[in-house]
Amino acid sequence: MSKILLLGDEAIAQGAIDAGLSGVFAYPGTPSTEITEYIQASKEAKELGIKSEWSTNEKTAMETGIGMSYAGKKAMVCMKHVGLNVAADAFMNSAITGTNGGLLVVSADDPSMHSSQNEQDSRFYGKFAMIPVLEPSNQQEAYDMTYYGIQYSEKAGTPVMLRVTTRLAHSRSGVERKKQLPQNKLHLPSDAKQFILLPSIARKQYSGLLGKQAGFETEGEKSGFNQYIDGEDKSLGIIACGLAYNYLIENYAGGKVPYPVLKIGQYPVPSKMVNKLYEDVDEILVLEEGAPIVEEMLRGLLNKGKKIRGRLDDSLPRAGELNPNLVAKSLGLPVEEGFETPSVIKGRPPVLCDGCPHIDSFEALNDALKKYGKGRVFSDIGCYTLSALKPLESIDTCVDMGASITMAVGAAESGLTPSVAVIGDSTFTHSGMTGLLDAVIKKAPITVFILDNATVGMTGGQNSAALGRIEDICKGLGVEEEHIRVVKPLRRLHDENLKIYEEEIAYEGVSVIIPRRECVQTLARRMKIKAAERRKQKEAQAN
Ligand SMILES: Cc1ncc(C[n+]2csc(CCOP(=O)(O)OP(=O)(O)O)c2C)c(N)n1
Ligand code: SF4
C-alpha cells in the first residue's frame with residue numbers, strides 16, 4: 001500500500017480504523033484532540049459506522065469504552081494526560097475486569113507543559129494498573145502500535161495503553177497502512193461474572209492480572225517494539241524510550257549509533273534485554289521523554305552498580321521535553337545551535353481574541369468586585385483562564401477542571417464572602433455540575449459564572465455537551481430559579497449586566513449568572529460554512 005502523510009494523532013486514528021474499531025470515546029485535550037477529530041471527519045469511518053461523538057468527560061469516555069469492550073467490540077479511549085486523572089477510577093478497575101473486545105487507552109502527555117497544567121508521565125499509570133504500555137518513536141510506529149495494541153488487548157484480555165507526547169502527536173510523517181480488519185460481532189464475555197467487581201470476584205480477577213505479568217514482558221520481546229541493537233563501542237550503552245530513540249538516531253549519520261542501544265517501545269520494561277545491556281557495557285545513559293521512570297528502576301535504592309546517567313544526574317534536564325540537541329550534549333557530541341532569534345521578534349503571550357465574549361464578562365466582573373477587594377475569584381480551565389493576565393487580571397486560581405465551584409465553596413465556608421466561581425460551559429458539564437450540587441447542599445454564599453460561548457473554545461471549537469442545557473441543569477441541581485440569570489456579554493450592555501452581577505454577588509446563597517454569547521471563532525467558522533452552502537445552492541439552482 002502507498003504511504004499517506006499523517007500527524008502522529010492521525011496515524012493513531014487510522015491505525016484504529018484499520019484494526020476494526022467500532023467506537024472512539026474521548027474528551028478533547030491537547031495534544032490528543034486530533035485523534036478523534038480525524039475519525040469524525042473520516043468518510044471511511046462514517047461508512048463503517050464507527051461511533052465518534054465526544055463524551056462529556058474522560059471518565060464517561062473510559063466507561064463507555066469499557067462498555068463497548070464488554071459487548072465484544074473493539075474500542076479506543078483518548079485523552080490528554082491530565083484527563084487520565086479524571087478517568088483513573090474506571091481505568092484502574094478496567095485492568096481488573098479485563099476486556100472482552102479489544103480496548104486501547106490513548107493518553108497523550110505534554111512534557112514542557114505547552115498547553116497543560118502539569119507534565120505528568122502516563123507510563124506511571126500503565127505501571128500502576130499493571131497493563132502493557134506502548135510508546136511509539138515515530139508516526140509509523142504510532143499506526144503500527146495502535147493496530148497491534150487493539151488486537152493484543154483482545155488476545156490478552158486486558159486493556160492496553162498507548163502513550164504519546166506532544167511532538168509526535170503534532171508532527172507529520174509518511175505512514176504505510178495495513179490490511180483493514182473487520183469489526184467484531186456483538187458477543188458477551190465468556191465469563192459472565194468478569195465485569196462484576198464484587199470483592200470475591202475482584203480478588204480472582206486481580207490474581208489473574210498478576211499471573212499475566214510475565215507474559216506481558218515476553219510479549220514485549222516478541223512484538224519487535226523492543227529491540228537490542230548492538231554497537232562496537234561498549235564504553236557506553238543507551239536505553240532510548242519512545243520518541244527519545246528518534247532524537248538519538250538524529251544525532252548520527254544514517255542513524256548508526258556506535259554504542260549498543262536498547263530501544264524500548266513496549267512495557268513492562270524488558271528486564272532480560274536491560275540485563276544484557278548492563279552486562280555488555282561500562283555505563284548506561286537513559287533517554288526518556290517525561291519522568292525518569294526507567295532510570296529510577298535501573299538505579300534502584302542502593303545504586304551500587306555501574307554508573308547510570310540520565311535525568312537524575314544532570315546528564316539531561318530533570319524537567320521538560322527532550323530534543324536532539326539535549327541528547328547530543330549528554331553524549332558529548334557537538335550541538336547545532338541554529339540562528340539566534342532577532343531582537344525585533346518579541347515573545348507574544350497568549351491573549352483572548354478580539355471580540356471574545358469573555359472580555360466583556362470579566363470587565364463587568366472586575367467592576368462588580370471592586371468594592372470587595374482582590375483574591376476571591378476561583379477560575380477553571382478554558383480560554384477564560386487567560387483573564388489571569390494583563391490587562392484583565394480577573395482571576396485568582398486555576399487548579400484542575402471543575403475546581404472553580406468547589407474551591408469557591410471551600411473559601412466561602414472559611415468566611416471569604418462573597419466568593420465567585422468562573423467556569424466555561426464545557427467545563428461545567430465536564431466536572432462542575434457535581435460541585436454546584438455541593439454548593440446547593442451546603443447553601444454556600446457563592447456566585448457561579450457559567451461562561452456560555454456555545455463551544456469548547458480552548459481546544460479548537462468542539463461541540464459542547466452543555467449546549468442548550470445549562471439552565472435546566474442548574475434548576476435540576478436545586479439552584480433557585482430567580483437566582484439563575486442569563487446576560488449577553490456586550491460592551492454596550494455593560495451597565496445593565498453590572499447591576500445584575502452586583503445583585504447576585506450580594507445574595508447570600510447560591511446564584512448562577514450565565515453570560516451567553518457565541519465564541520467569535522466558531523461564529524466565523526459557522527458563517528463561512530453557511531455562505532459556502534448558500535453559494536452551492538445558488539449554483540445548483542442556476543444549472
Ligand atoms: C482533565 C482535562 N481535560 C481536558 C483538558 C483540556 N481543556 C482545557 S480547557 C477545556 C475546556 C474548555 O471549554 P470551556 O469550559 O467551554 O471554555 P472555553 O475554552 O470555551 O472558554 C479543555 C477540554 C484539561 N485541561 N484537563
Ligand atoms: S477561541 Fe473563542 S472563547 Fe477562546 S478566546 Fe477566542 S473568541 Fe474567546
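Remember, it's 1-based here, ligands and their atoms both numbered in the order they're listed.
Close contacts of ligand 1 with Lys80, meaning ligand atoms under 4.0 Å from a residue heavy atom, involve 4 (C), 5 (C), 6 (C), 24 (C). The distance from ligand 1 to the heavy atoms of Asn453 drops below 4.0 Å at these ligand atoms: 18 (P), 20 (O), 21 (O). Ligand 1 places these atoms under 4.0 Å from at least one heavy atom of His358: 21 (O). Every atom of ligand 1 is numbered from 1 in the order shown, and the set under 4.0 Å from a heavy atom of Val86 is 1 (C). For ligand 1, the atoms sitting less than 4.0 Å from at least one non-hydrogen atom of Gly457 are 18 (P), 19 (O), 20 (O), numbered in the order shown with element in parentheses. Counting the atoms of ligand 1 from 1 in the order shown, those under 4.0 Å from a heavy atom of Gly29 are 6 (C).
Between Asp89 and Lys59 there is no salt bridge, since no side-chain nitrogen of the basic residue lies less than 4.0 Å from a carboxylate oxygen of the acidic one. A salt bridge is defined here as a Lys NZ or Arg NE, NH1 or NH2 lying under 4.0 Å from an Asp or Glu carboxylate O, and Arg526 with Glu518 meets this definition. Between Arg485 and Glu504 there is a salt bridge, since at least one side-chain N of the basic residue sits less than 4.0 Å from a carboxylate O of the acidic one. A salt bridge is absent between Arg516 and Asp425; no separation between the charged side-chain nitrogens and carboxylate oxygens falls under 4.0 Å.
Of all protein heavy atoms, the one lying nearest to atom 13 (O) of ligand 1 is Val456 CG1, 3.5 Å. Among all non-hydrogen protein atoms, the one lying nearest atom 16 (O) of ligand 1 is Asp425 OD1, 2.7 Å. Looking from atom 8 (C) of ligand 1 to the surrounding protein, the closest heavy atom is Ile381 CG2, 3.6 Å. Of the protein's non-hydrogen atoms, Thr459 CG2, 4.0 Å is the one closest to atom 7 (N) of ligand 1. Nearest protein heavy-atom neighbour of atom 17 (O) of ligand 1: Tyr384 CE2, 3.2 Å. Nearest protein neighbour of atom 15 (O) of ligand 1, counting heavy atoms only, is Thr427 OG1, 2.5 Å. Atom 2 (C) of ligand 1 has as its closest protein heavy atom Met401 SD, 3.2 Å.
Looking at Glu154 and Asn100, their side chains never bring a donor and an acceptor atom within 3.5 Å of each other.
Selection from Ile359, Leu523, Val520 by nearest heavy atom to atom 7 (S) of ligand 2 gives Val520.
Residue contact check for ligand 1: Met79 places no non-hydrogen atom closer than 4.0 Å to it. Heavy atoms of Ser464 stay at 4.0 angstrom or farther from ligand 1. In this structure, Gln117 has a heavy atom closer than 4.0 Å to ligand 1.
Between the side chain of Lys127 and the backbone N or O of Pro268 there is no donor-acceptor pair closer than 3.5 Å. No donor-acceptor distance shorter than 3.5 angstrom exists from the side chain of Thr30 to the backbone of Ser116, with no hydrogens or angles considered. Side-chain atoms of Asp121 come within 3.5 Å of backbone N or O of Arg123 as a donor-acceptor pair. Between the side chain of Ser32 and the backbone N or O of Pro28, no donor-acceptor pair lies under 3.5 Å.
Taking Tyr247 as the reference, nothing meets the ring-ring contact (aromatic ring centres under 6.0 Å, His included) condition, with sequence neighbours excluded. A search for ring-ring contact (aromatic ring centres under 6.0 Å, His included) contacts involving Tyr507 returns His483, not counting sequence neighbours. Evaluation of the side-chain hydrogen bond (donor to acceptor under 3.5 Å, both in side chains) rule for Asn366 yields Ser394 as partners, not counting sequence neighbours.
Ring to ring, Phe216 and Tyr267 are not that close: their centroids are 6.0 angstrom or more apart. Residues Phe124 and Phe128 place their aromatic rings such that the two centres sit no closer than 6.0 Å.
For the pair Glu58 and ligand 1, the shortest N or O to N or O distance falls below 3.5 Å. The N/O atoms of Thr455, backbone and side chain alike, include one that comes under 3.5 Å of an N/O atom in ligand 1. For ligand 1, the polar-atom distance check finds no N/O of Val82 at less than 3.5 Å from any of the ligand's N/O atoms. Taking only nitrogen or oxygen atoms, main chain and side chain alike, Gly83 does not reach within less than 3.5 Å of ligand 1.
Only protein N, O or S atoms were scored, and 1 of them lie under 2.8 Å from atom 4 (Fe) of ligand 2.
Residue Tyr27 touches ligand 1 through its side chain alone, judged by heavy-atom distances below 4.0 Å.
Thr427 has its side chain within reach of Tyr384: a pair of non-hydrogen atoms, C-beta onward, lies under 4.5 Å apart.
Across Ala129 and Leu209, no two heavy atoms sit closer than the pair O-CD2, 3.6 Å. The two residues Asp380 and Thr385 make their nearest non-hydrogen contact at O-OG1, 2.8 Å.
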